[in-house]
Every structure is written in C-alpha cells, then in structure tokens.
Student: 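Pasting in a structure now, in structure tokens, and then I'll have a few things to ask.
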Amino acid sequence: ATFFAGAIASDDAASFPLERDRAMLLRGQCLYLAGEWSAAADSLEKLDASATDDTIRRESLWTAMLALARLAQDPSAGT
C-alpha cells in the first residue's frame, strides 16, 4: 500500500489520471487484503467519488462495501 501511496502522491500523478486511479484502486485493495478495513473503505470511497473510469469506480465501490461489511462484523478489527 505504501508503494501505491507514493505513486498517487507523485508530482506528475495528475498528468496520468487513469494510472493514478489504478494505483488508488490497488492501494485500497492492498489495505483490504491487509485487514485494514476502515482505511480501505475510506480510500476506496474517495476513489469512487473521483474516478473517471466506470470499471474502476465499480471495483472501488464493491471493495469498499466488502471492507465495510467486514468492519461491521468485527468493529474492533481493521482500524
């Protein structure tokens, strides 16, 4: 997730919006797979609001919903 955060924050990220969105999706998925449900949901919900590619928006929203479901099952985990 740290690697993708660096790519997202790079100076030229705005010049490559599709690649930036892909990096944001991969970062959110990394957070999800690491069990960081809250951080994953936050990151992916932000991506859903800003992405221009419909496929990336759908995938980010779906993974955010999965993260929120995991968080609802065990509120003490994934913070």
Side-chain angles (χ1 to χ4, degrees):
T2 304
F3 173 79
F4 293 114
I8 295 162
S10 69
D11 292 337
D12 65 346
S15 300
F16 304 96
L18 182 59
E19 288 75 14
R20 182 196 57 221
D21 289 351
R22 287 180 179 154
M24 291 174 73
L25 177 61
L26 290 170
R27 179 180 181 271
Q29 290 174 332
C30 286
L31 291 168
Y32 174 83
L33 292 172
E36 297 181 32
W37 317 125
S38 183
D42 287 344
S43 175
L44 292 164
E45 287 173 348
K46 288 177 187 172
L47 175 58
D48 175 57
S50 66
T52 57
D53 182 81
D54 287 340
T55 302
I56 290 175
R57 291 184 71 213
R58 281 192 299 270
E59 187 68 25
S60 66
L61 186 57
W62 176 249
T63 309
M65 291 183 343
L66 293 175
L68 290 171
R70 293 284 183 121
L71 192 58
Q73 289 175 350
D74 186 3
S76 66
T79 55

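We number each residue from 1, following the sequence as shown.
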Student: What's the spacing between Thr63 OG1 and Arg58 CZ if we round to 0.5 Å?
Tutor: 12.5 Å
Student: Taking side chain to side chain donor-acceptor pair (under 3.5 Å) as the test, write out the residues that go with Asp54, two or more places apart.
Tutor: none
Student: What distance separates Phe16 CZ from Arg22 CZ, expressed to the nearest 0.5 Å?
Tutor: 13.0 Å
Student: Step by step, work out the side chain to side chain contact (heavy atoms under 4.5 Å, CB included) result for Gln29 and Leu25.
Tutor: CA-CA 6 Å; Gln29 290 174 332; Leu25 177 61; 3.9 Å; yes
Student: Check step by step if side chain to side chain contact (heavy atoms under 4.5 Å, CB included) holds for Leu61 and Leu44.
Tutor: CA-CA 6 Å; Leu61 186 57; Leu44 292 164; over 6 Å; no
Student: Can you tell me how far apart CG (Leu26) and CG (Asp21) are? Round to the nearest 0.5 Å.
Tutor: 11.0 Å
Student: Tell me the closest heavy-atom pair linking Trp37 and Tyr32, and the distance in Å.
Tutor: CZ3-O, 3.0 Å
Student: How close do Ala40 and Gly28 get, counting heavy atoms only, and between which atoms?
Tutor: CB-O, 3.6 Å
Student: Using side chain to side chain contact (heavy atoms under 4.5 Å, CB included) as the criterion, point out the one residue from Leu71, Leu68, Leu31 that pairs with Ser38.
Tutor: Leu71
Student: Any side-chain hydrogen bond (donor to acceptor under 3.5 Å, both in side chains) involving residues 41-53? Give me the pairs, sequence neighbours left out, ordered by first then second residue.
Tutor: Arg27-Ser43
